[in-house]
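This report refers to the structure that appears directly beneath it.
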Protein chains: 2
Amino acid sequence: MKSQFGERVRTLREKQNLYLRQVAPLLEMDTAQLSKIEKGLRQLKREQIPIIAEILKASSDELMTLWLADQIYDVVKDEKMANEAMQVAEQKLNFIKRKKK
Amino acid sequence: MKSQFGERVRTLREKQNLYLRQVAPLLEMDTAQLSKIEKGLRQLKREQIPIIAEILKASSDELMTLWLADQIYDVVKDEKMANEAMQVAEQKLNFIKRKKK
DNA sequence: CTTATATTTGCCAATATTTGACAAGTCAAT
DNA sequence: ATTGACTTGTCAAATATTGGCAAATATAAG
C-alpha cells in the first residue's frame, strides 16, 4: 500500500476507461508525471484534487482525504512515536476546532 | 498553541536556567534561529532532537512526539477533511505495523 | 519477430521551499 | 543611556521538489 491516493486514482481512471494520455493533459502534465503520481512517487498538487475528482467523476472530499492521509503517513512512517504523535496532533486539532465554534 | 515542540523546549530551557545564547551553539546555530524554533517559526531538524533532549535533560521520545505532532498538524490544519484523513492514516499505520510483526 | 500503444523509469534543468547568517529591532532592568 | 536577552526581517545559499523529455519496459496484434 504505497499511496492510497494514487491507487484510488488509478482505480477510478480505469473504471472510466481512460488512459494516462487522456487524463494527463487535463491536469497540464505529461503521462510520466501522472504515472508517478498514481504510483505514489510524486504528489499531486493540493489544488489539483478537485480537478482530478471532476475528471474521474469522483468525490473531491474522498480524494482529499486520501491525499492528506498520504501526507500524514509520510511524516510518521518508520517513526517509533508515530501513534503518540497522531494522538497529540488529534487532540490539538479538536482543541482548536472547539475554540473556533 | 503554535508549536507544541517549541513551547516545550522553551519551558525546559527555562527550567534549566539556560539562555538561548548558551543552548544555540550546542546545536550549531545562532540565537535567532533557536528563538524562531521555540516560537514555531522554524523547524528543528529531526536528527537534532536527541541532541536538544540531552542538553535540556529531557526525554527524547517526548520531544520527538511533539515534533512529529507539529508536522502532522501542519498538514491537516485548516483542512475540512482533517479528521477523516487522520483516521485513514492511523489505519494504514496499524495495518503496516501488524504486517511487520 | 516487428509494430503499435500504454505505461514506467531515469535523468537533469527549472522552480520552489527551507535554512543560515547577519543586522537591526524590541523589551526590561539598572 | 547601557547592557543583556530575545525577536524580527532580509536575503543569499543550500535543499528539495517538479516538469519535461528520452529511453526502457510491457502487452497485445499481426
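Chain A is the first sequence line, chain B the second, and so forth, proteins listed ahead of strands; every chain is numbered from 1. Values below: every heavy atom of this structure, side chains too, minus hydrogens, waters and symmetry copies.
- Here the CD-CG distance, from B:Gln4 to B:Leu66, works out to 6.0 Å after rounding to the nearest 0.5 Å.
- Contact between the side-chain N/O atoms of A:Ser35 and the OP1/OP2 oxygens of C:dT8 is found at a separation under 4.0 Å.
- Contact annotation: the side chain of A:Met64 approaches that of A:Leu68 to within less than 4.5 Å [non-hydrogen atoms, C-beta and beyond].
- Closest to the side chain of B:Arg21, out of D:dT7, D:dG4, C:dT7, is D:dG4.
- Interface residues of residues 36-46 of chain A facing DNA chain D, ordered by number: A:Lys36, A:Arg42, A:Lys45; criterion, heavy-atom separation under 4.0 Å.
- The side chain of B:Ala32 approaches C:dC22 more closely than any other nucleotide in the set D:dG4, C:dC22, D:dG20.
- Atom C1' of nucleotide C:dT8 and atom NZ of A:Lys2 are separated by 12 Å, given to the nearest angstrom.
- Look at CG on B:Leu18: it is 12 Å from P on D:dA5, rounded to the nearest Å.
- Atom CD in B:Gln48 sits about 11 Å away from atom C1' in C:dT19, given to the nearest Å.
- Counting only heavy atoms from C-beta on, B:Arg13 has its side chain closest to D:dC6 among C:dA21, D:dC21, D:dC6.
- Taking 4.0 Å as the cut-off between side-chain N and carboxylate O, B:Arg46 and A:Glu79 count as a salt-bridged pair.
- Side-chain contact between A:Leu63 and A:Trp67 is absent, with no heavy atoms from C-beta onward closer than 4.5 Å.
- Each side-chain hydrogen bond (donor to acceptor under 3.5 Å, both in side chains) pair with one or both residues in residues 11-27 of chain B, not counting sequence neighbours, appears once here: B:Arg13-B:Glu38.
- Between B:Gln22 atom CD and D:dG4 atom P the separation is 13 Å, expressed in whole Å.
- Counting only residues at least two apart or in different chains, side-chain hydrogen bond (donor to acceptor under 3.5 Å, both in side chains) contacts with residues 48-63 of chain B comprise A:Lys80-B:Asp61, B:Arg8-B:Glu62.
- Put simply, CG on A:Asp30 is 17 Å from P on C:dC11, counting in whole angstrom units.
- The side chain to side chain contact (heavy atoms under 4.5 Å, CB included) test with A:Ile51 is passed by exactly one of A:Leu26, A:Leu56, A:Leu44, A:Leu27: A:Leu27.
- The distance from atom CD of A:Gln71 to atom P of D:dT17 is 11 Å, rounded to the nearest whole Å.
- Protein atom CG of A:Leu34 is 14 Å distant from nucleotide atom C1' of D:dG20, rounded to whole Å.
- One atom, CD of A:Glu28, and another, P of D:dT18, lie 16 Å apart when rounded to the nearest Å.
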